[in-house]
Amino acid sequence: MRTRTALLLAAAVPLTVTAASVALKAGSWEVVANRHEIRLSPRPRPDCPDCRGEGGWWSEGLYPGGELCWCWDRPTRTLRLLPRRDPWPDEPPF
């Protein structure tokens with residue numbers, strides 16, 4: 001019975017990760033995971049009528065520059081897992 005449960009759990013984890021990845025790509029999010037944090041960063045929406053999935057455009061005129069589209073204006077979500085260790089704990093701050 002324990003072997004069967006372990007096998008089901010081992011099969012469920014990759015399936016769940018794959019399903020979450022597909023759902024996040026459909027919602028225009030990028031996932032970055034490491035041992036310190038899991039970060040969800042917004043990506044431009046591919047069906048945006050203003051930027052057509054490029055995330056922004058270049059403005060022309062007296063002060064040219066890049067402008068971000070409204071579809072990219074979402075907050076980045078971060079879940080901290082492990083605290084970051086200070087590499088030099090005994091060094092003065094400046």
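Just so you know, these numbers come straight off a predicted model, no measurement behind them.
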Engineer: Going by heavy atoms in the side chains, are Leu40 and Val31 under 4.5 Å from each other?
Structural biologist: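 Yes - at least one pair of side-chain heavy atoms lies under 4.5 Å apart.
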Engineer: Between Glu37 and Arg39 (salt bridge meaning N to carboxylate O under 4.0 Å), is one present in this structure?
Structural biologist: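 Arg39 and Glu37: salt-bridged.
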Engineer: For a 4.5 angstrom cut-off between non-hydrogen side-chain atoms, does Val32 reach Ile38?
Structural biologist: no
Engineer: Roughly how far, to the nearest 0.5 Å, is CG of Leu79 from NE2 of His36?
Structural biologist: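 If we round to the nearest 0.5 Å, His36:NE2 and Leu79:CG are 13.5 Å apart.
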Engineer: If you look at every heavy atom in Trp57 and Cys69, which pair is closest and at what distance?
Structural biologist: CZ3-CB, 3.7 Å
Engineer: Taking all atoms of both residues into account, what is the closest heavy-atom pair of Arg43 and Arg74, and its distance?
Structural biologist: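 Closest pair (atom of Arg43, atom of Arg74, distance): O-NH2, 2.7 Å.
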Engineer: Going from CD on Glu54 to SG on Cys48, what distance comes out if it is rounded to the nearest 0.5 angstrom?
Structural biologist: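 Answer rounded to 0.5 Å: 10.5 Å.
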Engineer: If I compare all heavy atoms of Pro44 with all of Gly55, which pair ends up nearest, and what's the gap?
Structural biologist: CB-CA, 3.4 Å
Engineer: Between Trp70 and Asp50, which heavy-atom pair has the shortest distance, and what is it?
Structural biologist: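 Distance-wise, the nearest heavy atoms are NE1-OD2, 2.6 Å.
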